[in-house]
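Here is how names work: the chains are called A, B, and so on, in the same order as the sequence lines, proteins then strands, and each is numbered from 1. Every value quoted in this text rests on a predicted model; they were computed, and no experiment measured them. Basis for what follows: all heavy atoms, side chains included, without hydrogens, waters or symmetry-related copies.
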Amino acid sequence: MSAPVENRIAITLPDGSSRELETGATGLDLARSIGEGLARAAVAVQVNGGDTQDLRLPLADGDAVRIITSRDEEALGVLRHSAAHVLAEAVVARYPGTKVTIGPAIEAGFYYDFDFPEGTVINDEALAQLEKDMKHLVKQGRKWDRWEVTRDEALEHFRSAGEQYKVELIEGLPADEPITFYRQGEFTDLCRGPHVQDAKGMKAIKLTSTAGAYWRGDSTREQLTRIYGTAFFSKEDLATHLANLERAKLNDHRLLGTKLDLFSFDPVSPGSPFWHPRGLNIWNAITEMWREEHGRRGYQEVKTPILYKPELWKKSGHWDAYKDGMFFTELDEDGHQFGLKPMNCPAHATLIKTRRLSYRDLPVRMNEQGLVHRFEASGVLHGLMRVRHITQDDAHIFCAPDQVLDEVTSTLAFVRDLMQLFGFDDYTMELSTRPDKAIGDDALWEKAEAALAEALVRNDLPYTLNPGDGAFYGPKIDFHVRDSMGRTWQCGTIQLDYNMAQPERFDITYAGEDNEEHEVVVIHRALLGSMERFIGILLEHYGGEFPLWMAPEQVRVLPVADRHNDYAREVVAALRERRLRAELDDRTESVGRKVRDAGMQRTPIVLVVGDAEAEGRTVTVNRRGDDAKPTISLDELVEQVSTEVAERRLSDHVAQALRADATEA
RNA sequence: GCCCUCUUAGCUCAGUGGUAGAGCACUUCCAUGGUAAGGAAGGGGUCAUCGGUUCAAAUCCGAUAGAGGGCUCCA
């Protein structure tokens, strides 16, 4: 690799190779230097691992550049942001006098907020019409021009157009930030970019819904109309996305919870689920597994109170940030007030303080299904996904600084093993680093961040960096899983904490080999997040089909006629003897009817017993997702089922359901 | 919490000023059945709650509670 000559810059590509370009060359120039085809397919560039950037921006000497094409995930965001501009163009053409505001790409598409003229109604027909308009504009051909303007030019442009929201945005921009305009067709917008070069790739557009939104998210400001939509590079991708949305509606855990008789809610305790017997069976199966897996990994389970005096959180430092989100009791006769804990950390810290720790004790791994309460605003409660009564699968690992790497490494392996057990094969990690207002010295932070990164590498887990998003007391890793409908959920989290053990907090120290006092490092971690939410996620992921080991009802026994009830009861008893969840359906109904009802409840195994079975002490096995109906001996059946449950296999019918749902994202 | 919408039988839902309906579920009876709904009869609701308008309110108005969607993704 030679040093750049004058008027030349050197650019590094992801494969490690280097290219020389003229000074001032843009991302587009770079793509063109590689090939015309790539230049046409390019959507944006990623420079030095940062955000996506417009192809028309000049590159600098030494930049590491990745060219993003429609095949890359980031390209969708660029496409959708451009689609938002096309929507705005369509809207101002059809509804003159509409004021435009902002229109970003979001996770599953884009939106644009408009201030429509008084009395404008955007209903489904209007949405369909706008979608047609957008497609028409794309067909006409749209290219994006980009140029920089001065602040005064920008203000003048939007003031004369009466676009007060844009004026407000410009006025709020830092003085040193360059202001750029983008124009496609008749529509010019203040925009940071990037945008696609032209709309040719915008093969599939769909406007999905409208909603009210406040200007700048401020409920005292103007109420705007938000139009949601999505866009893809291919019609197939859009069709998959829409099918996933449909399936998500059918697999809504709130509907399944009612249909499968798992849990319910009542106005007497908003945001707190009532677990029905069948739902609690799922919970208990998970808990049993969770206990075993923690015990195997050297954790010790504890149980701590839910009521505390506020002094606890004043000590932990949570008070100021959390007190508004907590529940409190009235004052008791001695003038004490108690709060319901919103997190378990201070409780575990209190517990560990009862021990005099030696380096020989470390690490101490303390796990608890900790019941916490958070006063979530009534408008954000959502089934099991957002509750006020939260059972966290929490743990705190108290260790010496030189144990952090090993502990994080094994915790990552733990969370990955668990997610695979549940059939989550697609997951991503996010490493969040030191925020602006962090405590502790730089060297400690660097060491902590390096330890987390090293642990990710050791587990062969790819991750994205989220700079500055760590907690004030330490960096963290978040574990995101992708469900069968392509949505991602943050479940596990691993946080390093150098704050809690400090003398002014809980002062947790251990006697080292040197017989000196040392502060412990605390690792906070949750693997599933909360039991409530995780079961909600599982319900939607599986579409109500549970692997045998978790199924609310594992086996249902159907006698053909009343005279087979006695034998059927024996079958149920034999299964229950092995701690299997078996039920008898002795209603005076036809076999067809009972088979149907068992199917509706997603029972994985249905046994039919009639004359032949009672005679030979056998059962005819209906396995969910399998058309074969073998008749086998009762003893054999009990063994088979016990083994499958003990091994916690992801049952075939569930694997099938997940495959059927799998998206090609 | 704020905006919009909704709340009718255990569940899913019809019912737009004239006195409450369907399907499923439930109970009883008949049928004793071999793989996704056998037949018949029956019970069940102060229409979320409170207040108002009206000769008359599930229906119109207001308040309260709960639920659903949105309010976080920034030119």
The side chain of [X] is closest to which nucleotide in this list: [options]?
X	options	result
Tyr228(A)	rG68(B), rG70(B), rU32(B)	rG70(B)
Thr588(A)	rC30(B), rG34(B), rG66(B)	rC30(B)
Arg596(A)	rC71(B), rA37(B), rG38(B)	rA37(B)
Arg216(A)	rC74(B), rU32(B), rG66(B)	rC74(B)
Ser590(A)	rG69(B), rA36(B), rG38(B)	rG38(B)
Val595(A)	rA36(B), rG66(B), rC71(B)	rA36(B)
Arg226(A)	rC71(B), rC74(B), rU35(B)	rC71(B)

According to the Watson-Crick and G-U wobble definitions, with both distances under 3.5 Å, which nucleotide is paired to [N]?
N	answer
rU53(B)	none
rA65(B)	rU7(B)
rU72(B)	none
rG21(B)	rC13(B)

Record whether the side chain of Glu613(A) comes under 3.5 Å of the base of rG34(B) through a donor-acceptor pair of N or O atoms.
-> yes

Base, sugar-phosphate, or nothing for [X], non-hydrogen atoms under 4.0 angstrom?
X	result
Leu381(A)	sugar-phosphate
Ala598(A)	nothing
Val606(A)	nothing

Distances under 3.5 Å between nitrogen or oxygen atoms of protein and nucleotides 4-11 of chain B:
none

